[in-house]
Amino acid sequence: MEYRPDVCMEEGCPVCGDKVSGYHYGLLTCESCKGFFKRTVQNNKKYICAEYQECWIDKSQRKRCPFCRFQKCLHVGMRLEAVRADRMRGGRNKFGPMYKRDRALKQQRHLALTEATGGLSCSPPLVSSALHRDLAFTGGLLPGITLPTAQSDCISYQYSLHPNSSTPAPTHYQCTSFSDWAIKLERSNNCGASSEGSVVGVPPLVQEFLRCDPDELQLQRKVSAHLMEHQTGWEDHDNPSTFSLMCHMADQTLISIVEWARSSIFFKQLKVGDQMKLLQSCWSDLLLLDLISRQVLYGREGRLLLVTGQEIELADIASHVGPTLASLIQRGQELVGKLDIIKVDRQEFACIKFLILFNPDVKELDGHQLIESVQEQVEGALLEYTLVTSSHLLGRFAGLLLCVSELRVLSSLAEEYLCYKHLSAEVPCNSLLIEMLYAKCNWD
DNA sequence: GTAGCCTTGATC
DNA sequence: GATCAAGGCTAC
């Protein structure tokens, strides 16, 4: 394989986003963070953060808070043990093979991406570089002018959120090839389907749940179109932060979840009051399930696939967020890993959605009996389906229920985080997320 | 204290 | 001998 050193150097420093100069103390970093890390460790420096130990570190602000800079160095994986106690110069350390593996991996990823995008990746698809732009890693997350189409194999992004802006978009980023993604979708959609449209071995109720499920590509187009249509209306004076964009994205996903529920079997039979109570009780579970199922069904390892079809390196996100969100992402990743190992399919995810929605534990339900009965039917259908598809008898079913419990814990933590961000005025106004959050609080 | 460039030396 | 990741030097 031809070795291309530039592939590794294209990425920004994981600490500050500056130009990488090589592997230093365990990973690719820039020269200044290398020097900073060395000075700190060699001289056993102790820093104090003047604020809340969550200072943003980028190229322009890295000098402001050495405490947070050093914390970030450690967080992204710089290794203390790579700083030599004896100060011996030259030579290699024990990380040599690790650097080699990392290089090979990056090279492999680059080639895979080049192939997936039909050799169009002349400029690197590094959303990570865009993440370094501002405190809330703005940019690169709104689909630009080019929406994925069958003709366009490459999804472009621009820095500039305003098409008429005089500032030229400095870089185009590429994302997952649309055709590659579509192939994955098609494969997933057709799993087990017979030519008549019924599915062999799949209980009729599960088939009905699957029929209610929104089409992923339609959802992607809808959310992307909405974000592009409304981007000029947000924070006219400034670019919206990435967190704010994520909120808009989540809002749109939530709207699609409500639409899904309203048009679904059983739910349509409920009184509006009960419908509201059920949705208010589980909106965050469903939102998180939507995100997680997307990773399991269509995502790639180490990346976060957004509802718009864009992908972000998880390592990049983790290195740009505070400890609370980083821990949430970590747990989410672990859950995706668990579901990935047991290869949960669309049928099972469809059942889980109904299982979450029809929660008889919700208080003051008029149609409590009906909801309890639906929950039993869903459980029965899921159990039947897992028994048909898995040889592990009850193990798979029990495993899925355990994952649902973990998902509920995570969504509750995510709600707390959202609440905190809302109190810090970082969530956009008129957010459906906040409306749901408040509805739940008042109702609880 | 920072950060860019230089020197060193084990490994390939 | 080339490479490259350590530590060192020094202008700012």
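Heavy-atom basis, side chains included; hydrogens, waters and symmetry copies ignored. Per chain, numbering begins at 1; letters A, B, ... match sequence-line order.
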Using whole Å, what does the distance between atom P of nucleotide dA5(C) and atom CZ of Arg84(A) come to? 11 Å
Rounding to an integer number of Å, can you tell me how far Arg39(A) CZ sits from dC9(C) P? 14 Å
Looking just at side-chain N and O atoms, do Asp285(A) and Ser411(A) make a donor-acceptor pair shorter than 3.5 Å? yes
Sorted by position of nearest nucleotide on DNA chain C, 5' first, the leading residue of Arg92(A) and His24(A) is Arg92(A)
Any Tyr99(A) side-chain N or O less than 4.0 Å from OP1/OP2 of dT3(C): no
Quick check for you: name the first and last nucleotides of DNA chain B, 5' to 3', having an atom under 4.0 Å from a heavy atom of chain A. dG1(B) to dT11(B)
Determine the contact category for Arg62(A): base if any of its heavy atoms lies under 4.0 Å from a base atom, sugar-phosphate if only primed atoms, P, OP1 or OP2 are that close, otherwise nothing. sugar-phosphate
To the nearest Å, how far apart are Lys100(A) NZ and dC4(C) C1'? 13 Å
Do Glu334(A) and Gln330(A) pair up side chain to side chain, a donor and an acceptor below 3.5 Å, judged on atom types alone? yes
Roughly how many Å is it from CE in Met88(A) to P in dA5(C), rounded to a whole number? 15 Å
Short side-chain N/O contact to dA6(C) OP1/OP2 from Tyr23(A), under 4.0 Å: no
dG8(C) P sits how many Å from Phe37(A) CZ, rounded? 16 Å
Candidate pair Phe70(A) and Phe37(A), rule ring-ring contact (aromatic ring centres under 6.0 Å, His included), full reasoning: CA-CA 7 Å; Phe70(A) 188 59; Phe37(A) 190 76; 5.6 Å; yes
With DNA chain B as reference, determine whether Gly90(A) or Phe36(A) sits nearer its 5' end, using the nearest nucleotide of each. Phe36(A)
dist Leu254(A):CG -> Met436(A):CE (nearest 0.5 Å) comes out at 5.0 Å
Is the positively charged end of Arg69(A) above the ring of Phe36(A), judged by distance under 6.0 angstrom from the centroid and angle within 45° of the axis? yes
If we ignore hydrogens and angles and just use 3.5 Å, is the side chain of Tyr385(A) paired with the main-chain N or O of Val206(A) as donor and acceptor? no
Which whole-number value in Å describes the distance from Leu27(A) CG to dA6(C) P? 10 Å
Arg87(A) side chain near dG8(C) phosphate (N/O to OP1/OP2, under 4.0 Å): yes
Specify the separation, in whole Å, of atom CZ of Arg89(A) and atom C1' of dA5(C). 12 Å
Asp86(A) CG to dA5(C) C1', straight-line distance once rounded to whole Å: 14 Å
Starting at the 5' end of DNA chain B and moving along, which residue's nearest nucleotide shows up first, Thr40(A) or Glu31(A)? Thr40(A)
Are a donor atom and an acceptor atom from the side chains of Gln61(A) and Arg64(A) found within less than 3.5 Å of each other? yes
